[in-house]
Amino acid sequence: MRRKLVVGNWKMNGSRAANATLLAGVVAGLDGARADCAVCVPSPYLAQCQEALAGSAVAWGAQDVSDKPCGAYTGEVCASMLTDFGCRYVIVGHSERRAYHAESSDLVARKALAVLDAGMTPIVCVGETLAEREAGSTVAVVSRQLGAVLDMLAPARVAQIVVAYEPVWAIGTGKTATPAMAQEVHAQLRAQIAAKDAAAGASVQILYGGSMKPDNAAELMAQPDIDGGLIGGAALKAGDFLAIIHAAP
Ligand code: PGA
């Protein structure tokens with residue numbers, strides 16, 4: 001069985017003081033957890049995570065990365081800088097980056113490749129807008145987004161990614177896909193991965209994201225193709241984040 005993975009996406013939130021309390025709270029409450037867990041934090045706080053989480057069961061990572069190696073790219077952060085701070089995961093293609101920074105699926109794929117080349121795990125986000133869902137194009141949209149990444153990877157590397165299905169209309173809105181709606185999309189994504197590499201289809205973790213909370217996490221994670229969660233708002237409170245982690249079967 002695939003292990004469950006619960007990842008906190010702090011987005012652009014945090015302060016040294018608040019992070020210290022949050023990280024200590026999460027570490028202190030992990031006993032008995034069956035899921036793996038990680039936090040993806042703003043880059044300035046990676047050193048703090050490295051210090052607070054080294055030796056704990058909580059992994060850490062970044063929320064974005066440049067597709068370029070080090071060099072003259074003012075304001076950017078390259079993958080080798082993230083490995084320098086012990087990052088295990090990097091979120092790529094979050095819908096907020098696609099929407100506010102006009103990131104194309106092609107750029108997202110190059111970022112995923114840069115993350116893999118640096119020895120980390122990309123969490124590749126895909127998801128449809130409300131208009132796309134209402135137009136009946138959910139599967140077409142997420143397949144295209146995932147396909148751009150799969151096209152760039154040799155079959156043997158496909159098993160090294162994590163995918164997150166995050167319907168844009170469910171992010172930060174309190175509206176969650178029903179477990180059945182999410183499961184349907186997850187199964188499609190898994191079939192797409194399996195078509196590229198059968199073993200990867202069986203092993204790749206596909207997370208659900210979009211208003212996952214303590215009260216809906218267990219039902220979502222009980223679905224056969226939902227392997228955990230990418231958690232925004234609820235990851236900013238240790239109690240809520242832990243409740244989701246402990247909801248993993
Ligand atoms: P949310 O965010 O849990 O606040 O909806 C999820 C995400 O954007 O990763």
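Note: hydrogens, waters and symmetry copies are ignored here, and every other heavy atom, side chains too, is used. One-based numbering, in listed order, for ligands and for the atoms of each. We're numbering straight along the sequence, starting at 1.
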Between Ala159 and Val204, the two heavy atoms sitting closest are CA-CG2, 3.9 Å
Of all heavy-atom pairs linking Ala235 and Trp10, the shortest is O-NE1, 3.8 Å
Problem set entry | Nitrogen or oxygen atoms of Gly209 and ligand 1 under 3.5 Å apart | no
Looking only at protein heavy atoms, what sits closest to atom 3 (O) of ligand 1 is Gly232 N, 2.8 Å
For Gly210, the atoms of ligand 1 under 4.0 Å from one of its heavy atoms are 5 (O)
Check: For ligand 1, is Ala170 a contact, meaning one of its heavy atoms is under 4.0 Å away?
Finding: yes
Closest to atom 7 (C) of ligand 1 by heavy-atom distance, out of Glu96, Glu166, Met212, is Glu166
Check your understanding: Between Arg190 and Asp227, is there a side-chain N and carboxylate O pair less than 4.0 Å apart?
Key -> yes
Electrostatic pair Lys11:Glu96 at N-O distance under 4.0 angstrom: yes
* Pair Arg98-Ser104, side-chain donor/acceptor within less than 3.5 Å -> no
**Close approach, Gly172 and ligand 1, non-hydrogen under 4.0 angstrom** = yes
Is it the case that one hydrophobic cluster holds both Val163 and Leu150, taking links as side-chain heavy atoms less than 4.5 Å apart, direct or via other members?
yes
The protein heavy atom nearest to atom 4 (O) of ligand 1 is Gly233 N, 2.9 Å
Mind checking whether Ala234 has an N or O less than 3.5 Å away from an N or O of ligand 1? no
Whether Gln192 side chain and Ser143 backbone form a donor-acceptor pair below 3.5 Å: yes
The reported gap from CG in Leu30 to CG in Leu242 (rounded to nearest 0.5 angstrom) is 6.0 Å
Ligand 1 to His94, heavy atom cutoff 4.0 Å, flagged ligand atoms 7 (C), 8 (O), 9 (O)
Notebook entry, point to check: Does any N/O atom on Asn9 come nearer than 3.5 Å to any N/O atom on ligand 1?
Noted result: yes
* Asked: Less than 3.5 Å between some nitrogen or oxygen of Lys213 and one of ligand 1, yes or no?
  -> no
